[in-house]
Every structure is written in structure tokens, then in C-alpha cells.
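Single-structure report; data block below.
As the structure is a computational prediction, the values presented were derived from the model and not from experiment. Lettering of chains follows the sequences in order, A, B, ..., and the numbering in each one begins at 1.
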Protein chains: 2
Amino acid sequence: MMSNKKYNIEVRLWIEETEGPFLGIGKIWLLENIRKTGSITNAAKEMKMAYRQAWQLVKEMNQRAESPLVEKLLGGKGGGGARLTEAGEKAIQTFHEVEKRIKDFAEKETQNLKF
Amino acid sequence: MMSNKKYNIEVRLWIEETEGPFLGIGKIWLLENIRKTGSITNAAKEMKMAYRQAWQLVKEMNQRAESPLVEKLLGGKGGGGARLTEAGEKAIQTFHEVEKRIKDFAEKETQNLKF
DNA sequence: TAGCAGTATTCATTTTAAAACATACTGAAA
DNA sequence: TTTCAGTATGTTTTAAAATGAATACTGCTA
């Protein structure tokens, strides 16, 4: 009798540089929410994440990328905000492309898993 | 001028079934250490992991696999021990095979990363 | 020049996860 | 029938991480 339990492969990927993990899906989501909302504050709310943490993630990304991914607008009308740089837009796109290729490949490996 | 920062892709994968994550590299290491040492206790020591946790992982694996991956020997000479079943051996092998194929693929994607 | 809303940062608090501790159970062998 | 080392399990402690609160700063606009 053929056993019926279903198993499949999940994959998580991230970009690493010399100092360690640099950019994973969590930071990508944050970038996308900053693009969508125009500020770190609102992006954090959207994600039910503490502003403090969101701000730290942005700081880290900007420091470790060759050029900043997020541009911060301090003060002024509306208090300021944040928006993606060209490099930030590119990062989102590159990450999703690579992620898709790897996940598609992984899915093909899901055949015949048995435990 | 060509910028020189080096980025590369890291991949983590695991097997999922209906109730969630089932088997990742951590449990595979545990299985390998059980095979090597002949008991959950010694495997845990080897990995500097609490026996309690190692035992829980084994319990979970056994419950959620179609057939147990680890056979427990209770009491008797030496107090007992634990060893891999045929399914346990197979699980290690399958996982490593799939992992290698996916990581090899991912490595090819590492070209041209720029952030 | 006062108001405003978001960024920047520190500090205390809470939540969560991991580890440590303690103790009962098992069964072969001496 | 006592010893022994490993399994089995609940309880307590500790450590780490996330969150929340508080405060200063920024610079456009009214």
C-alpha cells in the first residue's frame, strides 16, 4: 500500500557579505513597505514591527550596501519621511528574481520525498 | 571605477509537511550524532545541546515521519541508547542529496550581485 | 517663531526561548 | 534485588530579543 503523507521543500535565502547576513526577505518587505508608505514609521506600523527595529534595519542596510538603499528626509513638511534610492529599487528586483529562480528549482526537487 | 564588495547567496532549506517544518539541517545533525554516538544523551553532549531538547526533537521527528527515524532502547545493559532506523538513514541521505543540488544551483546564481 | 510629523537614540520593561535542574522510569546484568 | 546509564518528563532559572516609553532633533510651513 502506497503511503500518502505529503512532504515538500521550503527554501529561505539571503544575501551575505563579509560581515555576515546582509539582506533577506524581512528587509526586502521593509523596503517595499517604505516605498509604499513613504516613511519608516508607517512602514513599521504596516508590518506591526517596532519603529526602533525598522530604523535599525534601515541603518544597517545603508551602511553595508555599496550605496544607501533608503534615503531619509529629515524635518520639513510632514516631518520628513523616507524613500527608496535607485539602488533600493534595484535590490528589491534583484532579490525577487534570484529568489524565484531558486524556489522554482527547489520545487522541481520535491518529487518522491518519503520519510 | 568598478566597485569591489563581494556578495553571495546563502540558502537554508527544510522539509515541510502539513503541520509545519519537519526536518532541517539541525535535526539532520542530531540524527548523524545519534548514529555516531549510539545515544541521544551523547549526541546532545557532542552538540552542546540540552538532552531535553534533543529528546524532544527526536520525539517530534518520530511522530511526524511515516515511520520512526530513531529507535530507542530503554533500560538494559548500559541503560539503553538510541540508533537510527532504516528510514532514519534514508532521511539523512535524501536530505543531503537535495540540499547539495539546491545549493549548487544557488551558487550559480551568485554572479553579478551588486547592492 | 511655534507647530508639526517623522527621524534618531537611549533606557526600562515585557515577552520569548533556551538552558538547567530535578526526578521518575526502564530492563539487562552482576 | 541492587546497580547502572540512558530514556522520559515536568518545573524552574536564565538569557536573549523584542517592544514600549521617553526625549531630542530636524527643517518646512503657517
Side-chain angles (χ1 to χ4, degrees), chain A residues 12 14 19-65 67-85 87-88, chain B residues 12 14 19-65 67-85 87-88:
Chain A
R12 185 98 154 67
W14 65 95
E19 296 169 59
F22 163 60
L23 189 61
I25 188 65
K27 289 201 188 113
I28 293 294
W29 283 336
L30 179 56
L31 290 178
E32 289 172 334
N33 276 299
I34 288 171
R35 172 170 58 188
K36 178 180 164 194
T37 65
S39 78
I40 297 176
T41 295
N42 288 324
K45 275 179 193 152
E46 195 89 0
M47 301 171 75
K48 293 175 199 297
M49 159 190 285
Y51 167 81
R52 182 195 155 73
Q53 169 155 2
W55 168 80
Q56 278 177 331
L57 293 175
V58 168
K59 186 182 171 189
E60 198 191 309
M61 276 190 269
N62 279 350
Q63 283 173 347
R64 295 172 57 195
S67 69
L69 305 185
V70 176
E71 179 179 11
K72 275 84 103 14
L73 313 167
L74 243 178
K77 176 185 172 189
R83 65 177 169 223
L84 300 191
T85 61
Chain B
R12 185 96 154 68
W14 65 94
E19 296 169 60
F22 163 61
L23 190 61
I25 189 65
K27 289 202 188 113
I28 292 294
W29 284 336
L30 178 57
L31 290 177
E32 289 171 334
N33 277 300
I34 287 171
R35 172 169 59 189
K36 179 181 163 193
T37 65
S39 78
I40 297 175
T41 296
N42 287 323
K45 276 180 190 151
E46 195 89 0
M47 303 171 74
K48 294 175 197 300
M49 160 189 283
Y51 166 80
R52 188 193 156 71
Q53 169 156 4
W55 168 81
Q56 277 174 331
L57 294 176
V58 168
K59 185 184 172 187
E60 199 190 308
M61 276 189 269
N62 279 351
Q63 283 171 347
R64 293 172 56 195
S67 68
L69 305 183
V70 176
E71 178 179 11
K72 277 83 105 8
L73 314 166
L74 244 179
K77 178 185 172 189
R83 67 179 169 222
L84 301 191
T85 61

For B:E46 and B:N42: C-alpha separation, side-chain torsions, deciding distance, then whether side-chain contact (heavy atoms from CB on, under 4.5 Å) applies. CA-CA 6 Å; B:E46 195 89 0; B:N42 287 323; 5.9 Å; no

If you only use heavy atoms from C-beta on, which nucleotide in C:dT7, C:dA29, C:dA19 is closest to the side chain of B:K77? C:dA29

A:Q53 side-chain proximity, nearest of D:dT7, D:dT9, D:dT19: D:dT19

Contact under 4.0 Å: A:K72 side-chain N or O vs C:dG6 OP1/OP2: no

If I take atom OH in residue B:Y51 and atom C1' in nucleotide D:dA5, what distance separates them, rounded to the nearest angstrom? 11 Å

Looking for any heavy atom pair under 4.0 Å, which part of the strands does B:G76 touch: base, sugar-phosphate only, or nothing? base

Would you mind reading off the distance between A:I40 atom CD1 and C:dA5 atom C1', rounded to a whole angstrom? 13 Å

Please state whether the phosphate of D:dT7, meaning OP1 or OP2, lies under 4.0 angstrom from any side-chain nitrogen or oxygen of B:T41. yes

Is there a donor-acceptor contact under 3.5 Å from the side chain of A:R64 to the main chain of A:P21? yes

Remember a base hit wins even if backbone is also touched, and classify B:L74 as base, sugar-phosphate or nothing at under 4.0 Å, heavy atoms. base

Using heavy atoms to find the nearest nucleotide of DNA chain C for B:G78 and A:G81 separately, return the residue whose nucleotide is more 5′. A:G81

Rounded distance in Å - NZ (B:K48) to P (C:dA20): 11 Å

If I take atom CD in residue A:Q56 and atom P in nucleotide C:dT9, what distance separates them, rounded to the nearest angstrom? 10 Å

Give A:G80 one of three labels, base, sugar-phosphate or nothing, depending on what nucleic acid heavy atoms sit under 4.0 Å from its own. sugar-phosphate

Can you tell me the distance, in whole Å, between the CE atom of B:M49 and the P atom of C:dA19? 7 Å

Judged by atom type as modelled, is there a donor-acceptor pair below 3.5 Å linking the side chain of B:S39 to the main-chain atoms of B:A82? no

Pairing residues for A:K27 by the salt bridge (Lys or Arg N to Asp or Glu O under 4.0 Å) criterion, not counting sequence neighbours: A:E60

Roughly, in whole Å, what's the span from CZ in B:R52 to P in C:dA24? 16 Å

Hey, is the side chain of A:W55 poking within less than 4.0 Å of OP1 or OP2 on C:dA8, counting only N and O atoms? yes

Rounded off to whole Å, could you give me the CG-to-P distance for the B:L57 and C:dA17 pair? 15 Å

To the nearest Å, give me how far apart CG (B:N62) and P (D:dA8) are. 9 Å

Test applied, side chain to side chain contact (heavy atoms under 4.5 Å, CB included); reference residue, B:R83; option that passes from B:I34, B:V70, B:L73: B:L73

